[in-house]
A.B. asks: 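Have a look at this one.
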Amino acid sequence: MSSPSFLRGGLTRRRFVTSLAAGGVATAFARPALAGVQQAGAIPAQAATQWQLTVAHTHIEIDRKSLKAPCIGGSVPAPTLRWRQGDTVEIAVTNHLKHQDTSLHWHGIRLPAQMDGVPGISFAGISPGQTFTYRFPVTQSGTYWYHGHSGMQEAQGLYGALVIDPTQPDPNACPRDYVIMLSEWTDVDPQDILNTLKMQSDYYTFRQRTAASLLPDAKAAGGLIPALKDRLAWSKMRMAATDISDVSGIIYSYLLNGQAPDTNWLGLFTPGERVRLRFINASSMTFFDVRIPGLELLVVQADGNDIEPVPVDEFRIGVAETYDVIVQPKANQAYTIFAQSEDRTGFARGTLAPRAGMSAPIPPLDPRPVRTMVDMGMGTMQPGQSMQTMQGMPMPPHTPMATLPAAPHGASAPQHTHAAMPMAATPHPTALNTTAPVPTASTPKAKPLAQPDDTMDMSGMDMSDMDMPGMDRGGMSMPSRAHTSTAAHSPHAMPPSNTTSPMAHRGGHTMGHHTGPIDQAAPPATPSTAPPLLQVDDPGPPPLNVENQNIAAMPTDRLGSPGDGLEHNGRRVLTYKQLRATRPGTDPRSPTREIILHLTGNMERYIWGFNGRKFSESGPIRLKKNERVRFTLINDTMMEHPIHLHGMWSELENGQGAYQPYKHTLIAQPGAKLSYLVTADAPGMWAYHCHLMLHMDQGMFRTVIVA
Ligand SMILES: [Cu+2]
């Protein structure tokens, strides 16, 4: 055990939000006022309006890993709460921790800001010995979850499921109904994990490519030499193509309803019955790929909102997302619920069976995903395609291959002196499926890409032993870092359909957003009657400095991709593009403002942020009450980030027009660009952050003020 947090000095309220320095200590026990002892995964028989929960330090042992940590009701997960839409619920939370504040946040729930449970933003937190009563009307239905928002308590077991009955008859009601809560468990203190990552970012990534994997790699790359060169290229970038998760199965046990794979959680069914499984990813750092060999999964709900059913074999669930799935096992046999971690270092597992004592085979872990140039924001390439195919590709002045410049720390983004990243700064307004005008698209500033004089100054790059066909120094069309055209500085200076770009069409692939709207199938959200002018808040490409290691030069639309490691695996895997709401959205207005945010980070230093700045260096995002806003995310990093806005829905612009899905957490894939609409109908101060706990802790966090 590491030292408890109170030995490390006191925590101010602000630190609770920004720095999750609280090492955990304690157990908790929670007592739903109107429910008996719950079986893990079971849903209380009745909805209730009054709940009492107690947070306390408890000694818990799971999978032979022992942790004395804060938890609710002495159990991990915490009890499942069942509410009813239209009721007003009251949850009295008592803090029995001796030396730490605590808090509970109702993830995805629309409520008054002061009930949202984020210390320092929504309320003061719950001090030791104190009881705080949350009270709010429940206006929605579906599957959600709740978790601690103080320190790193969430990572230590402070999470439970929420099931909300709709007022209307539930179209997805099933005779069997289980919560399937996925999470991870370790006896390493979260603060120690963070300290370790700060010292050595790949400490927990032990599955690097080896000599043994060279042959399969060569096969994929079309030869041994290309494969070797690919490896050289990656090592030059000081990144590993197999760097998938920050923390791995080397220390985590992956849990299903709080049970390790060996313990094998069991859900009973009668053959022929429809079984509803409410998947919740309550882990702090792990994405899971979920399937049940032998069963089709009918995905009927995403993040609490019903969607048109999508039959799949598999889906990826990011941290904090939920998916409701219906299965209909007909045979008198057991089925394995198999949830492998994205980095393939382990899995959570449970069983559906007609009787106790049965089990089904556990499938082998899939091959681990390998990051490609797409993940670096280098455009659309097929797996196996790599560096040697990049001939003629325009690149940002500071390519990821460049060593970090000694840029002034914390340099303000808009004032950066780097040359333009025409591709990175592509025409945001044209992005995605909307009827919004492109106010700057045809400004005189427009400048074609990759002028002949824009060849990159690669003198600062040591490429001596990196002899890559097509990447010889003269052959690359790169904007010079010394070239500081103001036109190119303007992110809006790009023609919306840039046919002058050599990357506009390569090998038949459409290059992301550079060729205009990408969601071809998208019907307009509203009849296109004089759409309002779109104001664009765009800081431009963030500077490369100690807080930002990479820029996605050619961010792509990845909504049609199931995610790294899942493409072409022979199974039907859910994609974001398939999510279609069963009801039209409630606000048909076009956005009047677009806020562009780059997701940035430095993996080596383990610093994360938005627009190249961490939370402590940034101001709030301000929204006008009832404003209709588009958030556009450009993921400059090599990792997925599950981005969560508190208090308001995030309507993913995925080509489904008026039926685009309402979500509370959206995965931004590496190198991807995506957008979503928000109606700022909830006044107050809200949290907005990456839901990977350590990323949030290390700066990928903002406040949003609606007034
Ligand atoms: Cu993140």
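Read the numbers this way: they start at 1 and go in the same order the structure lists the ligands and their atoms.
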A.B. asks: Would you call Trp608 and Lys614 a side-chain contact if the rule is heavy atoms closer than 4.5 Å?
C.D. replies: no

A.B. asks: Taking all non-hydrogen atoms of both residues into account, name the closest pair between Pro190 and Leu694 and its distance.
C.D. replies: O-CD2, 4.3 Å

A.B. asks: Any side-chain heavy-atom pair from Ser284 and Met152 closer than 4.5 angstrom?
C.D. replies: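 Ser284 vs Met152: side chains apart.
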
A.B. asks: Only one of His644, His695, His689, His691 forms a ring pair (Phe, Tyr, Trp, His ring centres under 6.0 Å) with Phe701, so which one is it?
C.D. replies: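 Answer after filtering His644, His695, His689, His691: His689.
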
A.B. asks: Could you pull out the N/O/S protein atoms under 2.8 Å of the Cu ion (ligand 1), ignoring any water?
C.D. replies: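 Checking every protein N, O and S atom gives His641 ND1, Cys690 SG, His695 ND1.
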
A.B. asks: Evaluate the side-chain proximity of Tyr254 to Thr286: yes if any heavy-atom separation is below 4.5 Å, no if none is.
C.D. replies: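 In short, these two side chains touch, coming nearer than 4.5 Å.
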
A.B. asks: Which of these, Asp246, Asp697, Thr196, sits in a side chain to side chain donor-acceptor pair (under 3.5 Å) with Tyr606?
C.D. replies: Asp246

